[in-house]
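Chain letters run A, B, ... following the sequence lines, proteins first, then strands; residues in each count from 1.
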Amino acid sequence: MADIEEVPAAAPAAAPGAAPAAAPAAAPAAAQPEPLAVTKAGSEDPADLDDDIDETLAERLIGLTEMLPAPVRTASGKVIQGSVAGVKGAYGLLCSSSWVFFSSAAILFAPLIFEIERTQMEEMHKQQQRQILLGPNAAVSGSMMPPQAAGM
Amino acid sequence: MGNVMASSTPPAPAAAPTEDKAAKPVLENPGSMDELHKACKDVFPVNFEGAKIMVNKGLSNHFQISHTLNMSSVTPSGYRFGATYVGTKQFSPTEAFPVLLGDIDPSGNLNANIIHQFSEQVRCKFVAQVQNSKFMASQFSADYRGRDFTSSLTMANIDLINDTGVIVGHYLQSVTPRVALGAELAYQYGAQVPGGQIAILSVAGKYKAPSYTVSGTVGAAGAHLCYWQKSSDQIQFGCELETNLRMQEAVGSVGYQVDLPKANLVFRGTVDSNWTVGAVLEKKLQPLPFTFALSGMLNHPKSQFRLGCGLIIG
């Protein structure tokens, strides 16, 4: 394509109108020797721009997949879809199983554990009070003893 | 009952008392058929919904009344007045007869129980339920407790005008000190019953070990198996399987009960095979004679939660 541009430019005598007429005619002829020619940046040729716009980026990427054989394509498609579905399913399962676990624990075990902790704390508190009031011997024995001369 | 037994067995010959004991183990009364699954069922919580306030007042040693306020959106809210009268005939320190229990609400719906023990062996019970000025249900049952067996006869909803009714007979016999076997025959007659009458027979058994009890009832209607275990002073487990052949469904549930006298707490919880979780917490709020009850039940498949709280004063 670059050569085609240079040819009309090299012959300034050739009218610019002849260039678009010559370009489509020359393009198929020039396409064979230069099949991988890339559009020069800033080219003003509208016909060439049309060829580029016809293929969007997505189409070009999809076109790239044609380089892989069909079984590989379908297999990898299935694997990817399967893993997406699997991740979604696993997430859903994780959500519902943790809901079931935590709500059931809140109903079955939480009040009991809170009450046991509270009783233990009250017990400790009472022991501490007794210890402060009657000296360390009373707290260890855990019963009310008359204050002993040695303890006091 | 144990004391009565000891006084009634004839004294064994002095020559070989131990050999006699080995040959003839002393069989105790196995309790009635209604109480077969009682130990296991007591472990399971009774879930309720809404708020419940109950005021119990004892007017004398024999008479007690209660006022109950039920506020809920699932069951109709209302006020109920209940009265309990306990008579003067005492058979043991804890049991006195006759016992009259009644429950009535402002529109006249009444539940009444009368329990009386005529002698050591014979006990009768009458239950009536009146709703919308009609006898919805009535049931009369008589138990005979022998030395090592119990038999009872129950007549329910006997309607002489329409000739319908249900008659149930139970017999439970102690076979060894640990095993009791029995049978139940239920007979229903009436115009609505296909064929005019129908009878269903089921067998029951109970094995009682020191720390656990296994009991079961198997019949044409289905099977009901229970296992109860007392793991320690504080915790008891119960496991129950109920099958209904007519509806082709079975439900298994596991329950536990935790008693913490130090915390004045009784906690019961259950898990079901229908993915239902329920628990009831009862706490005595010392020093005032208040009991606070909190009940929660979550049905996972239907995503339904029922919360209930109750306060019992007195």
Side-chain angles (χ1 to χ4, degrees), chain A residues 81-148 151-152, chain B residues 43-49 231-238 253-287 291-310:
Chain A
Q81 278 172 350
S83 40
V84 165
V87 167
K88 281 189 188 165
Y91 175 70
L93 187 66
L94 183 72
C95 275
S96 44
S97 54
S98 38
W99 161 251
V100 166
F101 176 71
F102 282 107
S103 61
S104 306
I107 292 177
L108 289 176
F109 305 123
L112 190 62
I113 294 189
F114 293 159
E115 283 299 314
I116 291 176
E117 289 290 325
R118 236 165 51 93
T119 334
Q120 282 178 353
M121 280 200 64
E122 271 183 30
E123 197 80 11
M124 237 176 24
H125 187 68
K126 265 194 229 163
Q127 261 199 358
Q128 274 182 356
Q129 297 267 36
R130 241 183 265 140
Q131 188 172 27
I132 292 169
L133 197 60
L134 298 170
N137 294 334
V140 168
S141 67
S143 62
M144 301 287 283
M145 288 198 314
Q148 297 175 354
M152 302 299 277
Chain B
V43 166
F44 288 89
V46 177
N47 291 107
F48 57 94
E49 206 269 350
S231 301
S232 79
D233 266 341
Q234 294 183 334
I235 188 160
Q236 301 173 34
F237 288 102
S253 37
V254 174
Y256 62 94
Q257 177 176 332
V258 178
D259 291 299
L260 294 174
K262 268 203 201 145
N264 288 321
L265 177 73
V266 176
F267 185 82
R268 295 186 172 96
T270 179
V271 183
D272 229 329
S273 69
N274 290 334
W275 288 85
T276 301
V277 168
V280 169
L281 176 136
E282 279 163 26
K283 189 171 167 77
K284 289 204 199 332
L285 306 172
Q286 297 287 9
T291 305
F292 176 66
L294 193 63
S295 146
M297 188 187 74
L298 179 55
N299 186 335
H300 284 289
K302 295 188 203 163
S303 212
Q304 223 181 39
F305 179 70
R306 300 224 183 285
L307 180 73
C309 68

Exercise for review: Kindly give the heavy-atom pair with the smallest separation between B:Y256 and A:L108, and that separation in Å.
Suggested key: OH-O, 2.8 Å
Check your understanding: Counting only heavy atoms not in A:F114, do more than 12 sit closer than 6.0 Å to its CZ atom?
Key -> no
Check your understanding: Between atom CZ of B:R268 and atom CG of A:L112, what is the distance when rounded to the nearest 0.5 Å?
Key -> 13.0 Å
Check your understanding: Where on B:L281 is there a heavy atom nearer than 4.5 Å to chain A: the side chain, the backbone, both, or neither?
Key -> side chain
Revision key, fill the gap. Rounded to the nearest 0.5 angstrom, the NZ-CD distance for B:K262 and A:Q120 is 9.0 Å
Check your understanding: Looking at side-chain heavy atoms only, is the closest gap between A:T119 and B:L260 below 4.5 Å?
Key -> no
Review point. How long is the span from the CD1 atom in A:I107 to the OG1 atom in B:T276, to the nearest 0.5 Å?
Key: 10.0 Å
Check your understanding: Side chain, backbone, both or neither: which part of A:E123 has an atom under 4.5 Å from a heavy atom of chain B?
Key -> side chain
Practice item. Step through the shown structure and confirm whether more than 12 heavy atoms of other residues, nucleotides or ligands are within 6.0 Å of NZ on B:K284. Key: no
Review point. Distance only, no hydrogens: is a donor on one side chain within 3.5 Å (strictly under) of an acceptor on the other, for A:S96 and B:H300?
Key: no
